[in-house]
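Read through the structure below, which is laid out as structure tokens, and then see the notes.
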Amino acid sequence: MRLRFAPSPTGYLHVGGARTAVFNWLIARHEGGVLVLRIEDTDRARSDDEHTQVILDGLGWLGVDWDEGPFFQSEGVERHRADAYRLLADGNAYRDFSDPEAVRVEAQERGMHPSRVAREQMQALGDEESARRAEAGEPFAIRLLVPDGETVFHDLVHGDMRFGNEDIDDLVILRSDGTPTYNLAVVSDDAEMLITHVLRGDDHLSNTPKQVLLYRALGHPEPVFAHVPLILGSDGRKLSKRHGATAVGDYAKEGILPEAMTNFLALLGWSPGDDRELMTRDELVEAFHTDRLLKSASVFDTEKLAWLNGQHLSRHPDQELVGHIRALLDHEETFRRDLLDDTAWVGELLEVIKPRARTLDELADQARPFLCDELHFDEKAVAKHWEKDPASAMERLEALIEAFEGVEWSRKALETALRSRAEVMDVGAGKLIHPLRVSLTGNMASPGIFDVLVMLGRERVASRMKGGVARIRGR
RNA sequence: GCCCCGGUCGUCUAAUGGUCAGGACACCAGGUUUUCAACCUGGCAAUCGGAGUUCGAUUCUCCGUCGGGGUACCA
């Protein structure tokens with residue numbers, strides 16, 4: 001089994017394209033097949049190297065690796081041209097000398113398809129005259145001569161597909177400037193690369209009968225087709241920029257894990273058939289099969305992606321998470337990189353912050369108070385727990401400084417110390433905990449306060465609490 | 001206009017010619033609790049419409065409707 005993923009480098013790697021890539025990869029890996037990467041760069045005007053690199057990076061990030069390529073469609077133009085001329089020589093294609101604009105206008109007036117107008121002109125012209133004008137150096141395009149009858153092919157997703165050939169136009173396969181068009185190039189390349197399975201977006205379904213005709217005229221065996229439905233935006237319309245991020249690179253930047261993205265994408269238009277949702281790459285490869293591909297379009301739900309990401313985050317190796325945190329906190333001036341060397345401590349930290357984060361960005365935010373000496377104070381937290389009653393806040397912080405003095409630095413002892421102090425002061429423990437949390441993290445929300453105390457250690461806690469008191473006084 | 005594809009909770013989906021139409025995300029309520037999460041329990045919520053076939057259709061057929069794709073000397 002040989003499959004291919006054939007993006008055109010006219011932009012970033014779109015999630016729809018990424019999903020197609022993931023499907024092809026999953027099938028190839030499940031079946032032990034070969035995945036070929038081919039860049040469809042024949043649109044000279046819109047293609048560029050930068051886009052190609054972005055796509056390659058996107059695939060690399062997703063973990064979609066390929067066995068052959070990347071090849072570039074532009075490398076095959078000589079073959080494409082030769083195929084077009086072979087079709088012409090065999091009588092399966094004809095020269096079109098007409099002016100495209102004039103043909104378009106005439107077709108419009110007569111209510112016909114442009115290619116049928118071109119065909120009429122070709123027939124009126126006759127073979128000899130056609131050959132003579134070509135000889136004379138007159139430019140012409142080459143069109144496929146669509147035979148009468150109907151074109152039938154099988155699609156793994158949609159079943160038997162049937163098209164009346166009268167509805168298929170005599171498509172241009174070679175432009176008058178000698179360059180091949182998409183449909184010819186695809187067929188020529190897929191045949192050359194011995195592709196056996198073509199899995200691509202639904203938007204190519206209408207192209208397929210043309211391509212099938214090309215395969216047959218060229219005498220190549222046809223591959224098996226599978227057309228997967230498109231991905232829609234939250235409003236059920238075609239996914240576009242106004243739905244937010246549509247490029248895989250955007251999600252990488254937002255702190256989405258590649259395995260979560262792969263998992264999510266795989267579940268869009270495919271299902272394992274049981275109730276599994278959270279799946280590793282290996283489980284996906286194991287379970288993936290074309291017979292469970294779905295026919296209907298699906299909406300890209302970023303909420304579910306976020307949830308899935310949180311799940312994968314909790315299961316992700318600590319070491320890599322640390323790497324991400326380091327990168328995200330790198331610009332912080334008081335970032336204490338040395339703390340990351342203590343793997344036991346980092347492991348504990350991760351344990352308490354992981355459940356609170358759904359993305360890598362959130363994870364870094366959670367880690368910040370523990371890894372950076374300078375706190376970012378959340379105004380709302382300050383207002384609520386300090387400024388509403390500054391005198392009490394200060395009094396309580398000072399009481400805690402005293403209460404923690406000489407106490408064994410363990411969750412249990414600290415909790416006992418805090419709670420008994422609250423009792424002595426005749427206030428609820430929360431009244432002490434909230435101002436304390438703000439002084440230690442700058443935030444309204446954090447891991448359990450006793451975890452925070454233990455993770456921070458006696459010295460840093462003492463200094464932050466004193467800093468808190470000073471800060472309140474200074475206001 | 002013409003050709004083609006599709007339509008199960010708001011979303012991703014499971015299922016079958018006969019089920020209480022199941023699960024997950026989101027949402028709501030409760031539990032836990034020092035906060036926010038996480039976690040546990042419970043709840044809300046769907047077969048696009050109309051015919052036909054059938055003892056019985058969400059499932060099969062037709063029509064409609066809505067959504068999508070194509071209809072280029074774009075890919």
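Order of the sequence lines fixes the chain letters, A, B, ..., with proteins taken first and strands second; residue numbering starts at 1 for each chain.
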Sugar-phosphate, base or nothing in reach of T441(A), heavy atoms under 4.0 Å
nothing

If you look at every strand shown and take non-hydrogen atoms under 4.0 Å, does T181(A) touch a base, only sugar-phosphate, or nothing?
sugar-phosphate

Counting Watson-Crick and G-U wobble pairs only, both distances under 3.5 Å, name the nucleotide matched with rA38(B), or none.
none

Check this one for me: any side-chain N or O of Q108(A) less than 4.0 Å away from OP1 or OP2 of rA72(B)?
no

Who is the Watson-Crick or G-U wobble partner of rC44(B), with both distances under 3.5 Å?
none

Quick one: label G428(A) by what it contacts on the DNA or RNA (base, sugar-phosphate, nothing), any heavy atom closer than 4.0 Å.
nothing

Under 4.0 Å from OP1 or OP2 of rA75(B): is there any side-chain N or O of H204(A) that close?
no

With both distances under 3.5 angstrom, what nucleotide forms a Watson-Crick or G-U wobble pair with rU32(B)?
none

Can you see if the side chain of R276(A) gets near the phosphate of rC12(B) - specifically, an N or O under 4.0 Å from OP1 or OP2?
no

Tell me if the side-chain of D169(A) makes a donor-acceptor pair with the base of rA72(B), cut-off 3.5 Å, by modelled atom types.
no

So which one's nearest nucleotide on RNA chain B is more toward 5', R356(A) or G164(A)?
G164(A)

Within the structure shown, what part of the strands sits under 4.0 Å from L230(A) by heavy-atom distance: base, sugar-phosphate, or nothing?
sugar-phosphate

Under 4.0 Å between any heavy atoms, over every strand shown, what does D274(A) touch: base, sugar-phosphate, or nothing? Just pick one.
nothing

Do other residues, nucleotides or ligands put more than 12 heavy atoms under 6.0 Å from D99(A) CG?
yes

At less than 4.0 Å, is any side-chain N or O atom of S298(A) found next to OP1 or OP2 of rU13(B)? Yes or no.
yes

With a 4.0 Å cut-off on heavy atoms, is L232(A) in touch with a base, just the backbone sugar-phosphate, or nothing at all?
nothing

Under 4.0 Å from OP1 or OP2 of rU11(B): is there any side-chain N or O of K304(A) that close?
no

Just to confirm, is there a sub-4.0 Å distance from OP1 or OP2 of rA72(B) to any side-chain nitrogen or oxygen of H113(A)?
yes

Please check the phosphate of rU34(B) (OP1 and OP2 only) for any side-chain N or O of R419(A) closer than 4.0 Å.
yes

